[in-house]
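Everything quoted here is computed from the prediction, not taken from an experiment. Chain letters run A, B, ... following the sequence lines, proteins first and then strands; every chain starts at 1.
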Protein chains: 2
Amino acid sequence: MTAELFRRYGYTGTGLKQIVTAASAPFGSIYHHFPGGKEQLGEAVIRRSGQMYLELFETIFDAAPDALTGVDDFFAGAAEVLRQTDYVDACPIATIALEVASSNETLRVATADVFESWIAGAAPRLARAGLDAATARELAIFLVAALEGAFVLCRAAKSTEAMEAAGRRVHEVLVAALAGPEPR
Amino acid sequence: MTAELFRRYGYTGTGLKQIVTAASAPFGSIYHHFPGGKEQLGEAVIRRSGQMYLELFETIFDAAPDALTGVDDFFAGAAEVLRQTDYVDACPIATIALEVASSNETLRVATADVFESWIAGAAPRLARAGLDAATARELAIFLVAALEGAFVLCRAAKSTEAMEAAGRRVHEVLVAALAGPEPR
DNA sequence: GTCTATAGAAGGATAGAC
DNA sequence: GTCTATCCTTCTATAGAC
């Protein structure tokens with residue numbers, strides 16, 4: 001619920017009153033559960049949303065017959081969700097990450113931890129498909145970066161063109177990596 | 001100046017009072033130059049910064065001996081600027097784009113126009129290097145997406161690892177595309 | 001312990017002095 | 001026309017009623 005508001009309006013753009021109103025909760029309850037105020041609430045939302053999104057990735061990926069299909073399914077799913085939610089439901093972390101990167105160290109570290117957890121989740125799955133550890137990590141970073149960048153472009157343009165382009169090229173890179181080093 | 005504040009603290013995170021203070025200007029001057037208030041100021045900053053960043057890309061790209069080197073130089077330059085500015089000076093648009101995508105239609109369109117102008121700037125340069133128009137556009141979108149996503153990860157992690165990974169993979173994709181369709 | 005009411009600061013915007 | 005002073009709202013946070 002709070003994550004939804006942060007995703008839609010950003011961290012600084014969402015007020016605590018707005019949050020308790022949306023949750024039909026009394027104002028004091030925020031400071032009961034989060035004595036550290038908005039920052040502590042923000043950190044909890046970041047870490048919880050990051051964990052949920054990691055599990056979503058793992059679920060989709062592990063349900064696929066192979067790594068390549070898993071990646072394809074994930075990008076296709078991201079595009080589908082964007083369309084269905086009028087481009088609201090994208091990455092729950094990226095907006096906050098950019099907002100706080102240079103202004104709130106606690107929250108910046110939380111977003112960095114989340115991205116790292118995604119990379120750490122994807123890398124071994126790529127390694128299992130046949131990549132050495134270093135390549136798997138680099139491709140995992142590349143995958144997350146392409147996904148995040150596509151989210152930015154798709155939300156701005158209200159189009160899934162960027163997600164489809166990113167998905168195709170990540171697919172292509174993965175195919176090349178799995179085929180071995182520079183066979184041309 | 002204002003663009004610097006938006007980049008650092010975001011659109012909602014930057015106050016008009018903060019802006020006039022930083023510019024040592026009287027408060028009323030904002031509404032003299034921008035009768036539409038913060039929104040009109042934001043739109044001007046988005047379009048102006050977008051234009052400047054486009055020119056930066058074009059300058060770097062056109063100074064390179066070929067398209068591949070141009071792309072490499074641009075990613076290397078982005079990583080260098082991130083390091084030199086303690087990860088503050090990244091994309092001037094992305095933070096605002098995510099903040100306003102679902103809350104301010106005027107500014108969302110402005111960010112979409114900027115991204116489209118970057119794609120429209122990159123595509124013909126890739127086409128000139130030897131790609132058909134459709135492939136050139138798709139790779140231009142992919143290039144911008146990879147760059148934006150890398151900015152998100154780099155700022156969060158305070159590391160250029162993602163920018164380097166993205167640059168290498170965009171390079172690889174471009175090499176493959178220039179070599180022709182599926183030679184394997 | 002739960003919640004309301006309010007404090008104190010900062011937000012955007014405007015009216016009016018000069 | 002330029003700028004200052006102020007308006008009203010909203011922000012986060014807290015004090016204290018119940």
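A side-chain hydrogen bond (donor to acceptor under 3.5 Å, both in side chains) check over residues 140-150 of chain B, counting only residues at least two apart or in different chains, returns nothing.
A salt bridge links B:Arg137 with B:Glu116: the distance from a Lys NZ or Arg NE/NH1/NH2 to an Asp or Glu carboxylate oxygen falls below 4.0 Å. For B:Glu172 and B:Arg168, the salt-bridge test fails: no basic side-chain N is under 4.0 Å from an acidic carboxylate O.
For the residue pair B:Arg155 and A:Ser102, a side-chain donor N or O sits within less than 3.5 Å of a side-chain acceptor on the partner. In this structure, a donor-acceptor pair under 3.5 Å is present between the side chains of B:Thr160 and B:Glu164.
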Point to revise | Nucleotide-resolved protein contact map, nucleotides 4-18 of chain D, B/S/- at heavy-atom distance under 4.0 Å | key: BB-----BBBB----
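Taking atom CD1 on B:Ile19 and atom C1' on C:dA13, their separation rounds to 14 Å, with Å as the unit. Between the P atom of C:dA15 and the NE2 atom of B:His32 lies a distance of 17 Å, rounded to the nearest Å. Rounded to an integer number of Å, the gap from B:Ile30 CD1 to C:dG12 P is 8 Å. Atom P of nucleotide C:dG11 and atom OH of B:Tyr9 are separated by 12 Å, given to the nearest angstrom.
B:Trp118 places a side-chain heavy atom less than 4.5 Å from the side chain of B:Tyr53.
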